[in-house]
Amino acid sequence: MPELPEVEVTRRGFADRIAGASIESVRLGKPLRWPLGIEPSKLVGRKVVAVRRRGKYLLIDLDRGLLLLHLGMSGSLVFTPALAVAGAHDHFDLVTSRGALRLNDPRRFGAVVHAASESAPEAVKLLGKLGVEPLTEGFAIEAFHAGLKRRKAPVKQVLLAGDLVVGVGNIYASEALFIAGIRPTLSASRISRPRAARLLDAIRQVLARAVETGGSTLRDFSNTDGQAGYFQLEAMVYDRKGQPCRVCGTPIRQIRQGQRASYLCPRCQKS
DNA sequence: AAAAGCCCCTGGATGC
DNA sequence: TGCATCCAGGGGCTTT
């Protein structure tokens, strides 16, 4: 589910509300992708300082240490004054003096991991190879083009890999490539400098718009107040197999790359 | 170093 | 209605 926009919408939904709170209790449900890495009772009494985002990870800074939280494919967070009885897929509760944060994640590809600091091995393992933040960091077109040039894999898969630019997942990779007029199968190394510039611009444009619209809700994503996003209503190609291209009317095609679906307009994305 | 495949897991849609 | 199969917003890990 969650790509950069969904994670950012989630972050904005509770960051200010939880900042300054002290942790009162922690409840774990079924195991997530990785163990928490700390005895839950040791978190009690610590204070939440801030909530940041790095790629698709949320970083919950505590006055001592931090929690790295990932939503995986099916995760979502709610932040409420008081928690209801935990459901079958509620696998992590962080109860604080200002409200409770709850992770619901049916597939359990998500994770909450404690790290003593951002430079601790547990954090570096997860964050160390991440690429540039497309929305907030100055990403020179030279660096982006150079990064593409040294990769022979299809550009779609290079975008998904996350080591060049972070936050672009399966929906927004297809969307950005459509906007830039680039075929997802094109080898990244063959993208010219002007086209790389268009692609970078398209990535920023589509991610920013998706944040504005509350992200994409295909199945189960919702923000921390339980509300759905509606970017999917604006999607140009994603999940639109066989439907007419919104620009030229040609039926949208679906292909498979690395066991994931890609969508494209064969006419608007000629190469 | 880079690329390709393989998993982790549950639930909804589809087909027989 | 029942059951099998396929597919899904991710990404770390292992193997080429």
Side-chain angles (χ1 to χ4, degrees), chain A residues 1-11 29-35 37 53-58 68-77 87-92 103-113 121-131 146-177 185-189 203 206-207 209-211 213-223 228-235 237-241 254-263:
Chain A
M1 159 208 20
E3 304 182 32
L4 183 153
E6 292 75 27
V7 177
E8 179 60 19
V9 165
T10 297
R11 189 193 69 80
K30 285 190 185 179
L32 294 163
R33 179 163 191 174
W34 296 294
R53 181 189 54 73
R54 178 75 180 100
K56 299 172 188 169
Y57 285 92
L58 286 174
L68 306 176
L69 196 154
H70 199 288
L71 298 175
M73 286 279 267
S74 59
S76 60
L77 290 176
H89 302 305
D90 295 328
H91 300 305
F92 176 81
L103 172 67
N104 180 276
D105 185 6
R107 292 177 71 180
R108 292 190 280 126
F109 290 171
V112 185
V113 175
E122 313 84 72
V124 171
K125 185 181 86 168
L126 300 180
L127 307 177
K129 288 184 179 168
L130 294 183
L148 290 175
K149 273 185 92 168
R150 68 175 79 101
R151 305 285 283 271
K152 292 192 173 173
V155 57
K156 159 89 171 346
Q157 288 168 261
V158 171
L159 293 181
L160 287 186
D163 49 3
L164 185 56
V165 55
V166 295
V168 181
N170 212 38
I171 297 178
Y172 303 111
S174 281
E175 292 298 309
L177 287 165
T185 48
L186 180 65
S187 170
S189 63
I203 289 168
V206 75
L207 293 179
R209 177 61 185 160
V211 171
T213 55
S216 296
T217 298
L218 269 58
R219 285 168 191 78
D220 45 20
F221 174 72
S222 60
N223 67 21
Y230 52 93
F231 180 85
Q232 70 282 1
L233 302 177
E234 301 184 4
V237 291
Y238 185 82
D239 208 18
R240 296 194 67 241
K241 176 185 180 182
Q254 177 183 2
I255 61 174
R256 280 195 94 70
Q257 296 181 279
Q259 25 267 79
R260 325 250 347 232
S262 299
Y263 298 86

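Per chain, numbering begins at 1; letters A, B, ... match sequence-line order.
The residue A/Arg260 sits close to a base: some heavy atom pair falls under 4.0 Å.
Of the candidates B/dC6, C/dC7, B/dA4, B/dC6 carries the atom nearest the A/Gln259 side chain, counting heavy atoms from C-beta on. When distances are taken from the side chain of A/His70 to each of C/dG10, B/dT10, C/dC7, the shortest belongs to C/dG10. For A/Leu126, whose side chain is taken as the heavy atoms from C-beta onward, the closest listed nucleotide among C/dG12, C/dC7, B/dA4 is C/dG12. The side chain of A/Lys152 approaches B/dA3 more closely than any other nucleotide in the set B/dA3, B/dA4, C/dA8. Taking only side-chain atoms of A/Gln157, from C-beta outward, the nucleotide of B/dT10, C/dG10, B/dA4 with the closest atom is B/dA4. Residue A/Arg150 places its side chain closer to B/dA2 than to any other of B/dA4, B/dA2, B/dC9. The side chain of A/Arg33 sits closest to C/dG11 out of C/dA8, B/dA4, C/dG11.
A close approach under 4.0 Å does occur between a side-chain nitrogen or oxygen of A/Arg108 and OP1 or OP2 of B/dT10. Checking the phosphate oxygens (OP1, OP2) of C/dA8, a side-chain nitrogen or oxygen of A/Arg256 falls inside 4.0 Å. Dashed line: the shortest gap from a side-chain N or O of A/His89 to OP1 or OP2 of B/dT10 is not under 4.0 Å. Between C/dG11 and A/Lys56, a contact under 4.0 Å exists linking OP1 or OP2 to a side-chain N or O. Contact annotation: A/Lys30 reaches the phosphate of B/dT10 (side-chain N/O to OP1 or OP2, under 4.0 Å). Close to C/dG11, at under 4.0 Å from its OP1 or OP2, lies no side-chain N or O of A/Lys129.
At whole-Å resolution of the value, CG in A/Asn104 and P in B/dC9 are 17 Å apart. Going from atom OH of A/Tyr238 over to atom P of C/dC7 covers 13 Å, rounded to whole Å.
Between atom CG of residue A/Leu32 and atom CZ of residue A/Phe109 there is a gap of 11.5 Å, rounded to the nearest 0.5 Å.
The residue among A/Gln254 and A/Tyr57 whose nearest nucleotide of DNA chain C is located toward the 5' end is A/Gln254.
For the P atoms, the distance from B/dC9 to C/dC13 is 16 Å, rounded to whole Å. Rounded to the nearest Å, the gap between the P atom of B/dC6 and that of C/dC6 is 14 Å.
In this structure, the side-chain contact (heavy atoms from CB on, under 4.5 Å) partners of A/Arg33, at least two apart in sequence or on a different chain, are A/Ala111.
The base of B/dA3 has none of its N or O atoms less than 3.5 Å from a complementary donor or acceptor on the side chain of A/Arg151.
For the 3.5 Å distance criterion, the side chains of A/Ser74 and A/Asp105 qualify, holding a donor opposite an acceptor.
With a 3.5 Å ceiling on both atom-pair distances, B/dC9 lacks any Watson-Crick or G-U wobble partner.
If you look at A/Phe231 and A/Tyr172, their ring centroids are closer than 6.0 Å.
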